[in-house]
Amino acid sequence: GAVVSQHPSWVICKSGTSVKIECRSLDFQATTMFWYRQFPKQSLMLMATSNEGSKATYEQGVEKDKFLINHASLTLSTLTVTSAHPEDSSFYICSAVDNVYGYTFGSGTRLTVV
Amino acid sequence: AQSVTQLGSHVSVSEGALVLLRCNYSSSVPPYLFWYVQYPNQGLQLLLKYTSAATLVKGINGFEAEFKKSETSFHLTKPSAHMSDAAEYFCAVSGDGTASKLTFGTGTRLQVTL
């Protein structure tokens with residue numbers, strides 16, 4: 001089956017620094033990748049939709065300058081949390097989509113900003 | 001627009017008992033419906049999906065769900081709960097099976113007791 005590799009699985013960073021999270025589709029090409037944020041004991045909130053070679057589409061209320069998304073190839077999308085603050089601490093999950101496998105989720109990244 | 005409602009944020013069953021997790025949907029187009037399971041600090045694993053074929057969908061780990069258009073429901077069931085089924089379960093809907101974004105319910109935490 002399809003596998004999506006998400007790295008790192010957890011990261012601790014200082015306030016004011018930036019953190020990059022990678023999402024790779026290992027054995028298929030993803031036409032679209034989605035980025036979600038999940039607060040403790042809550043559901044997944046869609047942050048943005050990323051299509052290869054074009055600008056990401058952000059959901060209402062998500063700061064595009066704070067959460068930079070790059071989808072440089074059909075197998076890689078990155079989410080960079082810029083100038084991170086403690087309120088950005090959360091669990092971030094990516095999902096890659098193709099016509100054969102549908103939606104495949106990464107294993108998530110636990111971000112803690114101290 | 002699509003939405004899902006999961007009734008019951010927490011369900012507790014005894015090992016060997018029937019598992020029933022409820023999901024009702026709202027969709028302006030014929031929906032694609034999904035059930036996912038999430039273990040702590042992990043991504044989402046697809047249990048099963050409905051894509052307008054058979055209304056009774058069988059998934060992994062003994063789970064199944066029935067699409068009932070008249071009731072706008074897609075409840076998840078398993079005849080006999082196992083301790084390993086304890087996890088968070090999410091129902092999700094999309095406008096099609098691939099590139100459309102998934103909209104998740106708020107999740108149901110399943111507890112399995114001895």
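- For chain A, the nearby part of B:Phe90 is the side chain; its heavy atoms alone come within less than 4.5 Å.
- Here the options are A:Val97, A:Asn99, A:Asp98, A:Val100, the test is side-chain contact (heavy atoms from CB on, under 4.5 Å), and the partner is A:Phe28; only A:Asp98 passes.
- Listed for the A:Lys20 side chain is no donor-acceptor partner under 3.5 Å among the backbone atoms of A:Val81.
- Close approach to chain A, defined as a heavy atom under 4.5 Å from one of its heavy atoms, is seen in B:Gln38, B:Asn41, B:Gln42, B:Gly43, B:Leu44 of residues 38-46 of chain B, taken by number.
- Salt-bridge formation is detected for the pair A:Glu22/A:Arg24: a Lys NZ or Arg NE/NH1/NH2 atom is positioned less than 4.0 Å from an Asp or Glu carboxylate oxygen.
- Proximity to chain B is absent for every atom of A:Gln6, based on heavy atoms less than 4.5 angstrom apart.
- Using a cutoff of 4.0 Å between basic side-chain nitrogens and carboxylate oxygens, B:Lys101 and A:Glu59 are scored as salt-bridged.
- If you tally non-hydrogen atom pairs under 4.5 Å between each of A:Gly106, A:Ser107, A:Ser9, A:Cys94 and chain B, the highest count goes to A:Ser107.
- Under the side-chain hydrogen bond (donor to acceptor under 3.5 Å, both in side chains) criterion, A:Glu52 pairs with no residue at all, not counting sequence neighbours.
- Smallest separation of non-hydrogen atoms from A:His71 and A:Leu76: CD2-O, 3.3 Å.
- With a 6.0 Å cutoff to the six-membered ring centre and a 45° limit on the axis angle, B:Lys78 counts as a cation-pi contact of B:Phe63.
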